[in-house]
Amino acid sequence: VHDYAGGKEDWAVHGLPLEGKTAGRRRAMDLMVEDVPRCGPQERLGAVRERVGGTPNEMCVVVDDGGVVLGRLSGSAWESEAASAVEDVMELGPPTTRPGDLLHEVVERLRKAPMESIVVTSYGVEMGGGRLLGVLFRDDVERVLAETERNS
Amino acid sequence: MTADGAVLIDTLSEREYAEEHIAGAVNIPLKKLDARTTSHLARDALLIVYCYDPA
């Protein structure tokens, strides 16, 4: 007996065939933006602000050397002292979702919170989990789900 | 894989299996996994069990 530890979601994110009522529905990985601003916890806020823009709508994901998500800079965090270390002003442990999560389920979380975006991270701890894969924006999800509904 | 005689066993609930499962997998929910529900599986087959994700 072999334990496929990655499970159904690992299978799905590799684009392998699925069957069933929801098979083929779009997932977080299909819409996430991979090229998002990122910074380290030891960086100074001023330097990151200069690089990223630092307006309240801007967001920067804080990652360690291995790419594991530690926090997020957004909103009022940008207004802190320029000399502040990122780790002192970041939002700790921001909400995350998995690449294989279905869009119609993720959007419910985004609406309920409400949140404009959510960080997408890799699975599990033993398999290099928690690494930044991208960010999923609510506007993108709402648009795609509305298009899907119109076309169905 | 299943063509080579391997058996993929989805251990999620019947509802979750109906929604989505790996192509070719059979469903034996973890709560029902016992000698009786696995008696039809070939003893010499490669059995691959999976659930949702590694978390």
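A note on names: the letters A, B, ... follow the listed sequences, proteins ahead of strands, and every chain is numbered from 1.
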*Residues in side-chain hydrogen bond (donor to acceptor under 3.5 Å, both in side chains) with A:His2, at least two apart?*
none
*Which residues from residues 10-17 of chain B are near chain A, with near meaning under 4.5 Å between non-hydrogen atoms?*
B:Leu12, B:Glu16
*Check the surroundings of atom NE2 in B:His40: do more than 12 heavy atoms from other residues, nucleotides or ligands lie under 6.0 Å from it?*
yes
*side-chain hydrogen bond (donor to acceptor under 3.5 Å, both in side chains) against A:Glu108, all qualifying residues, sequence neighbours excluded*: A:Arg111
*Hey, is CD on A:Glu149 packed in by over 12 heavy atoms from elsewhere, all under 6.0 Å?*
no
*Summary of salt bridge (charged side-chain N to carboxylate O under 4.0 Å, His left out) pairs that have at least one residue in residues 12-35 of chain A, sequence neighbours excluded*: A:Glu9-A:Arg27, A:Arg27-B:Glu20
*Take atom CD in A:Glu81; do more than 12 heavy atoms of anything else shown fall under 6.0 Å from it?*
no
*Run the side chain to side chain contact (heavy atoms under 4.5 Å, CB included) check on A:Val1 and B:Val49 step by step: do they pass?*
CA-CA 7 Å; A:Val1 177; B:Val49 295; 4.3 Å; yes
*Would B:Ile22 and A:Tyr4 count as a side chain to side chain contact (heavy atoms under 4.5 Å, CB included) if you check the C-alpha gap in whole Å, the side-chain angles of each, and the deciding distance to 0.1 Å?*
CA-CA 12 Å; B:Ile22 292 177; A:Tyr4 177 23; 3.9 Å; yes
*In the single-linkage hydrophobic clustering (I, L, V, M, F, W, Y; side-chain heavy atoms under 4.5 Å), do A:Leu102 and A:Leu18 co-cluster?*
no
